[in-house]
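Letters A, B, ... mirror the listed sequences (proteins, then strands); counts begin at 1. Please read all numbers here as calculations on a predicted model, not as lab measurements.
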Amino acid sequence: MKDVLSPEHFNLTLVNWASKYGRHDLPWQQHPTPYSVHVSEIMLQQTQVTTVIEYFKRWMSAFPNLLALANADEDEVMSHWQGLGYYSRARNLQKAARYLVDEFSGHYPRTLKQIEQIPGVGRYTAGAIVSFAYNERGPIVDGNVRRLFCRYFAIEGVPSTTEVNNKLWQYAEHYTLAKNCRAYAQSLLDMGAMICTPKSPDCPNCPINDSCQAYQTDRVAQLPTPKPKKHTPTKIGQFLWIEQNNQLYLQKRPAPGIWAGLWCLPQLDTEQIREVAPSQRKGTFKHVFSHYKLDAEVLNANSTEQLSGQFFSPKQIVSLGLPTPIRKFIGKHLANTK
DNA sequence: TAAACGTGGAC
DNA sequence: TGTCCAAGTTT
């Protein structure tokens, strides 16, 4: 069996492959700055490229630079993130902008260690910013690299365990050179997205298949080792529909917690949940999260006593940041909010 | 270490 | 319809 390539040979082979077959037209690849790379990398966390593209364009128009984001209203920020999910990313992005303005005069630091101190920026994102914005050496391990390396080096074990994760970062450190930095990082992502895919990888067209340890031993389909899946519980939710003069009562969701920072129908906490007659019911909806399912009903109510929210007109609601299922429900039940 | 944290695309 | 899982980070 052929051994794995040296870091030098590996780098050159992938960069050469990506120059022909890689992605070069993504919006964030056109004029990369530390800020635009930062924004795109946060948006791309656990989110598909096709989903991010329009959000990225709108965000860069609304908040073209660090200062604009630092000075923006939080509701304005959240409304531009609505529908993208994992909303702490948006709040951390603004926190990061304020941190960089306050501590670094609005200029990004240059070193990996400093960049990793930015709120919401972990080891992967720090490496990506250094690679893509500065074209300097910044090792990365994301889902693409994890899959590619687990197969190429035939790494057994669940990747999220400390042992395997450490091994992956060791390979990343060893195989990331101080040359072709931007092109090499991008080639890893492109390989993971276009060749070394989760299902039906395109091994015949892989530029390094003859030295891939999994391919040589027919274990591509078994690597990376799948994570044992766990049962997702179903939670019951009750929300209040309080409408006066065609205005709707909404509350801002607290952090931490689901939908933090978004505006939502008031939700009864677990102790307040009660049986209700069908006549009180405005409607129901179901929603699936990554870690549980939500069965919800929306109850008609009149009083806003004890509640800390405010009324909004349909026109105001349209430009607010709302959770996706709540926005859908409101759109169905309140005029002029679609 | 494991759970929390959203949503939608792909099959 | 259900399942996987996508350029992860925080607590």
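- For A:T324 and B:dG6, a side-chain-to-base donor-acceptor distance below 3.5 Å is absent, hydrogens and geometry of angles not being considered.
- A:P224 comes within 4.0 angstrom of nothing in the nucleic acid, heavy atoms only.
- Dashed line: the shortest gap from a side-chain N or O of A:R147 to OP1 or OP2 of C:dC5 is not under 4.0 Å.
- Using a cutoff of 4.0 Å between basic side-chain nitrogens and carboxylate oxygens, A:K282 and A:E297 are not scored as salt-bridged.
- Per the geometry, CD1 belonging to A:I326 stands 13 Å off C1' belonging to B:dG6, to the nearest Å.
- Contact check on A:R123 versus A:E173 returns a salt bridge, with a Lys/Arg side-chain nitrogen under 4.0 Å from an Asp/Glu carboxylate oxygen.
- Along DNA chain B, the nucleotide nearest A:G85 and the nucleotide nearest A:T161 are compared for position; the residue whose nucleotide lies closer to the 5' end is A:T161.
- Residue A:Y87 places at least one side-chain N or O under 4.0 Å from the OP1 or OP2 atom of B:dT7.
- Taking atom CZ of A:R91 as the reference point, atom C1' of C:dT10 lies 11 Å away to the nearest angstrom.
- Between A:Q48 and B:dG8 there is no side-chain polar atom (N or O) within less than 4.0 angstrom of OP1 or OP2.
- Heavy-atom distances to DNA chain B give each of A:A260 and A:T51 a nearest nucleotide, and the one nearer the 5′ end belongs to A:A260.
- In the hydrophobic cluster analysis, where Ile, Leu, Val, Met, Phe, Trp and Tyr join through side-chain heavy atoms closer than 4.5 angstrom, A:L112 is grouped together with A:Y171.
- Taking atom OH on A:Y292 and atom C1' on C:dG2, their separation rounds to 20 Å, with Å as the unit.
- With A:Y175 as reference, A:F153 is the one residue of A:Y152, A:F153, A:Y184 to meet the ring pair (Phe, Tyr, Trp, His ring centres under 6.0 Å) rule.
- The interatomic distance linking A:Q46 (CD) with B:dC5 (P) rounds to 15 Å, in whole Å.
- Near DNA chain B, defined here as any heavy-atom distance below 4.0 Å, there are no residues from residues 13-43 of chain A.
- At whole-Å resolution of the value, NE2 in A:H287 and P in C:dT1 are 17 Å apart.
- Across all strands, A:V52 comes closer than 4.0 Å to no nucleic acid atom at all (heavy-atom distances).
- Hydrophobic clustering of Ile, Leu, Val, Met, Phe, Trp and Tyr side chains at less than 4.5 Å, counting indirect connections, unites A:M43 with A:I53.
- Ring orientation note: the planes of A:H287 and A:W259 are tilted relative to one another, at an angle of 30° to 60°.
- Between B:dA3 and A:K230, a contact under 4.0 Å exists linking OP1 or OP2 to a side-chain N or O.
- Comparing B:dC5 with C:dA7, their P atoms are spaced 23 Å from each other, to the whole Å.
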task: Kindly determine whether A:E136 and A:R182 satisfy salt bridge (charged side-chain N to carboxylate O under 4.0 Å, His left out), including the steps that lead there.
output: CA-CA 7 Å; A:E136 291 174 4; A:R182 177 184 291 130; over 6 Å; no

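- A residue-by-residue look at A:N92 and A:L44 shows that A:L44 has its nearest nucleotide of DNA chain C further toward the 5' end.
- The side chain of A:S290 lies closest to B:dT7, out of B:dT7, C:dG8, B:dG9.
- Rounding to the nearest 0.5 angstrom, the gap separating the CG atom in A:L265 from the CG atom in A:L248 is 5.5 Å.
- Checking the phosphate oxygens (OP1, OP2) of C:dT9, a side-chain nitrogen or oxygen of A:T125 falls inside 4.0 Å.
- When the side-chain nitrogen and oxygen atoms of A:H291 are compared with OP1 and OP2 of B:dG6, none of them lie within a distance under 4.0 Å.
- Note on A:Q186: a base of the nucleic acid sits closer than 4.0 angstrom, heavy atoms only.
- Heavy atoms only, all atoms of each residue included: A:Q45 and A:T47 are closest at O-OG1, 2.8 Å.
- Taking only side-chain atoms of A:K199, from C-beta outward, the nucleotide of B:dG6, C:dA7, C:dC4 with the closest atom is C:dC4.
- We find that CE of A:M78 is positioned 14 Å from P of B:dC5, with the value rounded to whole Å.
- The aromatic ring centres of A:W263 and A:F312 sit less than 6.0 Å apart.
- Among the protein residues, A:L84 comes within range of the nucleic acid bases, having at least one heavy atom under 4.0 Å from a base atom.
- A distance of about 15 Å separates the C1' atoms of C:dT1 and B:dG8, rounded to the whole Å.
- Across all strands, A:G192 comes closer than 4.0 Å to no nucleic acid atom at all (heavy-atom distances).
- Proximity note for A:P325 (side chain, C-beta onward) versus B:dG9, B:dT7, C:dA7: the nearest is B:dT7.
- Taking atom OH of residue A:Y124 and atom P of nucleotide C:dT10, one finds them 15 Å apart after rounding to whole Å.
- Looking at residues 93-101 of chain A, you'll see that no heavy atom sits under 4.0 Å from any atom of DNA chain B.
- Note on A:V145: nothing from the nucleic acid sits closer than 4.0 angstrom, heavy atoms only.
- Rounded to an integer number of Å, the gap from NE2 of A:H231 to P of C:dC4 is 13 Å.
- When each of C:dA6, C:dA7, B:dT7 is scored by its nearest atom to the side-chain atoms of A:P198, the top-ranked nucleotide is C:dA6.
- In terms of phosphate contacts, A:W259 brings no side-chain nitrogen or oxygen within less than 4.0 Å of OP1 or OP2 of B:dA4.
- Between A:W169 and A:Y124, a ring centre-to-centre spacing not shorter than 6.0 Å is recorded.
- Figure legend: cation-pi geometry between A:R151 and A:Y215 absent, as NZ or CZ is not positioned both under 6.0 Å from the six-membered ring centre and within 45° of its axis.
- If you check every strand for non-hydrogen atoms under 4.0 Å, A:I258 touches sugar and phosphate atoms only.
- For C:dC4, one of the phosphate oxygens OP1 or OP2 lies less than 4.0 angstrom from a side-chain nitrogen or oxygen of A:K229.
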